[in-house]
Amino acid sequence: MSSVSPIQIPSRLPLLLTHEGVLLPGSTMRTSVDSARNLQLVRSRLLKGTSLQSTILGVIPNTPDPASDAQDLPPLHRIGTAALAVQVVGSNWPKPHYTLLITGLCRFQIVQVLKEKPYPIAEVEQLDRLEEFPNTCKMREELGELSEQFYKYAVQLVEMLDMSVPAVAKLRRLLDSLPREALPDILTSIIRTSNKEKLQILDAVSLEERFKMTIPLLVRQIEGLKLLQKTRKPKQDDDKRVIAIRPIRRITHIPGTLEDEDEDEDNDDIVMLEKKIRTSSMPEQAHKVCVKEIKRLKKMPQSMPEYALTRNYLELMVELPWNKSTTDRLDIRAARILLDNDHYAMEKLKKRVLEYLAVRQLKNNLKGPILCFVGPPGVGKTSVGRSVAKTLGREFHRIALGGVCDQSDIRGHRRTYVGSMPGRIINGLKTVGVNNPVFLLDEVDKLGKSLQGDPAAALLEVLDPEQNHNFTDHYLNVAFDLSQVLFIATANTTATIPAALLDRMEIIQVPGYTQEEKIEIAHRHLIPKQLEQHGLTPQQIQIPQVTTLDIITRYTREAGVRSLDRKLGAICRAVAVKVAEVQPKEAKLERSDVAEREVCREHILEDEKPESISDTADLALPPEMPILIDFHALKDILGPPMYEMEVSQRLSQPGVAIGLAWTPLGGEIMFVEASRMDGEGQLTLTGQLGDVMKESAHLAISWLRSNAKKYQLTNAFGSFDLLDNTDIHLHFPAGAVTKDGPSAGVTIVTCLASLFSGRLVRSDVAMTGEITLRGLVLPVGGIKDKVLAAHRAGLKQVIIPRRNEKDLEGVPGNVRQDLSFVTASCLDEVLNAAFDGGFTVKPRPGLLNSKL
């Protein structure tokens, strides 16, 4: 007899209808509830109930619940299991449903269904109790033999499993602690059985029948485990043999006899890796680190996460080009020809490359220079770097630094981190396979900064000739020599490059192109490239230089040639459409000629021939080749011109002047407009101006107020105090563009002088320069780009500070011939040059000259 207290279930139970699994007494099961009646049962009974009795349900197997309340209740299975709801979990995705964790208590039989809605409730009769055992001696003996036999098979089954697993050990203890009459239901729910077999066990009310039906299921499971162990045993033995042999082979390995190893050892990755380490030409320090790591790797099991990290590290160390380099081509004449063929103009840059080649001829161990090409987009900075590598005969690798904000991208990650990897410098060396490539650090002025560090600061070690011979990547943790690498950085502006990094690089300015240079570049490089990309030939399209000039002046306005290249591509696509439309018609004509000849051979009637001729006559004639691109074709393909010469129209009234500005995209002309109105003496500035430009405007108005009597400048009321009852509004058009800098000072003075004097500024004059309160004109930067912008705009005269006269040497000769330059040291000279007839000082009436 067991000491378990009797279980008594209520006489009325709510019924949970299931059709996926079978719950047996003593076992636990999860079931999903998503039908109408079952959902109502969970919400009304389980979620709102407060007593233990409200958590007892009647689980009816093999009975699907109808999808809606309107459908009738299906026939119910006669035997069910009283269950205790242990857990309820709800969810609304993808539709409302609940997941129940229920534990079986005992069997019951449905006597009568009392209610079907909102959920079924039935009167039940309890069929068994967990503590019951027959009292008659005969049945006790029979059941005792069956229970002992069942217990023996159950123990045999459990002992065939891995006892180190906690669940298996707990099951073994349950076999001794649970009553024998509860074991058939519990083990049937654990072993591999079908729902049909579980349903038969549930319907077996008597213990004798239950034992007899469960024993064959245990025997079947035991035989299956025996067969599975037989099939797995040889493989396990092989694994043990391999594990036992491998350490012996590694221990008995004698260093220095790798050449005599058999083919099996050569196939071993670790042995091959060790061989590469011993035969590599890495420095002594790196070699010691690799030997130490390979010893650690041999002692590691492959299942350790550190095994893969160490192996990847050693493979990288072996693949790095410690002493492998390419031989430079030092023929200066051939290098000059190659550079001239690849790029037009850029004389300063070509001169620097040839200087490096000349010095390399005289000294073999010259360190690689660190150059920085600064210029507007589209002028060929990146392509020049590729040409430099081609000229020297070196490998080329480009590293894009735009948007990089983690110093680990440069120095790499330490190997203590998951997913660590070397930096871009070491990765680039691994990619090219030599230690003297040309590295192009593209967009170095667009480096970011974040919590992960400052990559610009990490580049200080890379770009310092006194330090990069001993560069240490965090991932390698050993020094690597970068002194033979030729570093070329590119930038649009030096304003955003830190001063320390800028100090380590040799700055070479790459200015924008003139119109003549753009025409030469287009006909030497851009047009042949576009013809090749679009499958056209010079016999099909012809673009004269006049058309190219129209594209440059009326459809593009840039320092580089990228927009010009895109416009030429649009022209080639339009011509390709015309050519493609012609070719199928020509092919159709050829096929018709062949068909006519076959018709003649087959003696077809002659009256059909004129029909084919008339058909061909209806075809559209192909355009004449080559297709000439003129101004009318440009307008059809590219649309109306985007830019017009509007300088003379903008300067048709007083109070407007033209200034010159420098931007990272090249030089630009800038209009300054002024107007006056009755007011309280306020100065209004618009156009998204920076603080420096606002101060220049205040300087200009202060200088004019102090010199108003000298130049006889008055406001609308005739007063020499220009701000007396007068408001002034200064506007710099293109209000969406931020503007700043001191070089607009002379332009603002000229604009205000035109406003108060009522005279027009010359429409062909542009100017630049910083002013002081005393009327001096100070030098500014970007003179070449500003002069090129004035030349593009069709202006004839440029006013610059006298101390910037030396910068005109960098302006191309043809541009200097087209423009006239006025150098000014004070504002008097600026005003005299900006107005027709000069801006002379008017003598004051009534004053006598002293003769003392």
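Bear in mind that the values here come from a model prediction, so they are computed numbers and not experimental data. Positions are given from 1 along the sequence.
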Among side-chain atoms of [X] and [Y], is any donor-acceptor pair under 3.5 angstrom?
| X | Y | result |
| --- | --- | --- |
| His343 | Ser387 | yes |
| Thr556 | Glu558 | no |
| Ser408 | His474 | no |
| Asn468 | Ser483 | no |
| Ser383 | Arg386 | no |
| Thr686 | His731 | yes |

With a cut-off of 6.0 Å (strictly less than), are more than 12 heavy atoms of other residues, nucleotides or ligands near [atom1] of [X]?
| X | atom1 | answer |
| --- | --- | --- |
| Lys367 | NZ | yes |
| Gln452 | CD | yes |
| Glu809 | CD | no |

Please confirm whether the backbone N or O of [Y] pairs with a side-chain atom of [X], one donor and one acceptor, at under 3.5 Å?
| X | Y | answer |
| --- | --- | --- |
| Asp464 | Leu460 | no |
| Asn341 | Ile337 | yes |
| Gln407 | Ala457 | no |
| Arg816 | Leu808 | yes |
| Ser696 | Ala744 | no |
| Glu293 | Val289 | no |
| Arg557 | Ala793 | no |
| Thr553 | Arg792 | no |
| Trp662 | Lys784 | no |
| Asp442 | Arg398 | no |

Query raised in the report: So is Arg524 actually on top of Tyr344's ring, under 6.0 Å and inside 45° of the axis?
Result: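 No - Arg524 does not lie over the ring of Tyr344 by the 6.0 Å and 45° rule.
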Measure the shortest side-chain to side-chain distance between [X] and [Y] over non-hydrogen atoms and say whether it is less than 4.5 angstrom.
| X | Y | value |
| --- | --- | --- |
| Ile783 | Thr768 | yes |
| Glu443 | Asp445 | yes |
| Lys430 | Glu315 | no |
| Leu429 | Phe480 | yes |
| Tyr356 | Leu392 | yes |
| Leu501 | Leu463 | yes |
| Leu459 | Leu401 | yes |
| Ile425 | Leu482 | yes |

Requested in this report: Begin with the C-alpha distance, continue with both residues' side-chain angles, and end with the deciding distance and a verdict on side-chain contact (heavy atoms from CB on, under 4.5 Å) for Asn804 and Phe821.
Outcome: CA-CA 11 Å; Asn804 282 120; Phe821 296 94; over 6 Å; no
Value rounded to 0.5 Å, distance of [atom1] in [X] from [atom2] in [Y]:
| X | Y | atom1 | atom2 | value |
| --- | --- | --- | --- | --- |
| Glu461 | Asn470 | CD | CG | 7.5 Å |
| Asp785 | Asp807 | CG | CG | 11.0 Å |
| Ile332 | Leu339 | CD1 | CG | 11.5 Å |
| Glu673 | Cys751 | CD | SG | 8.0 Å |
| Ile410 | Arg424 | CD1 | CZ | 7.0 Å |
| His287 | Ser281 | NE2 | OG | 10.5 Å |

For the residue pair [X] and [Y], what are the closest heavy atoms and their distance?
| X | Y | value |
| --- | --- | --- |
| Ala790 | Val798 | CB-CG2, 3.8 Å |
| Leu752 | Ala674 | CD2-CB, 3.9 Å |
| Leu788 | Pro812 | CD2-CD, 4.3 Å |
| Lys518 | Ala559 | CE-O, 3.9 Å |
| Gly433 | Pro321 | O-CB, 3.3 Å |
| Leu371 | Ile508 | CD2-CD1, 4.3 Å |

Query raised in the report: Arg762 and Asp764: salt bridge (charged side-chain N to carboxylate O under 4.0 Å, His left out), yes or no, with the steps?
Result: CA-CA 6 Å; Arg762 290 178 54 182; Asp764 60 348; 3.3 Å; yes
Report summary line: With Arg803 as partner, the option from Val780, Thr823, Leu778 fulfilling side-chain contact (heavy atoms from CB on, under 4.5 Å) is Leu778
Query - Derivation of the side-chain contact (heavy atoms from CB on, under 4.5 Å) call for Asn492 and Lys446 - result: CA-CA 9 Å; Asn492 297 131; Lys446 297 175 181 60; 2.6 Å; yes
Query raised in the report: Salt bridge or not for Lys350 and Asp340, using N-O below 4.0 Å?
Result: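 So Lys350 pairs with Asp340 through a salt bridge.
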Query raised in the report: For Arg360, which residues count as a side chain to side chain donor-acceptor pair (under 3.5 Å) partner, sequence neighbours excluded?
Result: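 Expected list: Asp328.
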**Report entry** Partners meeting side-chain contact (heavy atoms from CB on, under 4.5 Å) with Asn477 (sequence neighbours left out)
**Finding:**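 So Asn477 forms no side-chain contact (heavy atoms from CB on, under 4.5 Å) with any residue.
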Requested in this report: Would you please classify the geometry between the His397 ring and the Phe439 ring as parallel, tilted or perpendicular, with 30° and 60° separating the classes?
Outcome: tilted
Query raised in the report: Taking it one step at a time, do Arg394 and Leu486 satisfy side-chain contact (heavy atoms from CB on, under 4.5 Å)?
Result: CA-CA 9 Å; Arg394 294 190 179 189; Leu486 174 58; 3.6 Å; yes
Query raised in the report: Hey, mind stepping through Arg705 and Ser702 against side-chain hydrogen bond (donor to acceptor under 3.5 Å, both in side chains) and telling me if it holds?
Result: CA-CA 5 Å; Arg705 291 177 68 186; Ser702 297; 5.9 Å; no
Requested in this report: Quick one: do Arg504 and Glu466 satisfy side-chain contact (heavy atoms from CB on, under 4.5 Å)? Show the steps, please.
Outcome: CA-CA 10 Å; Arg504 283 163 166 77; Glu466 302 300 327; over 6 Å; no
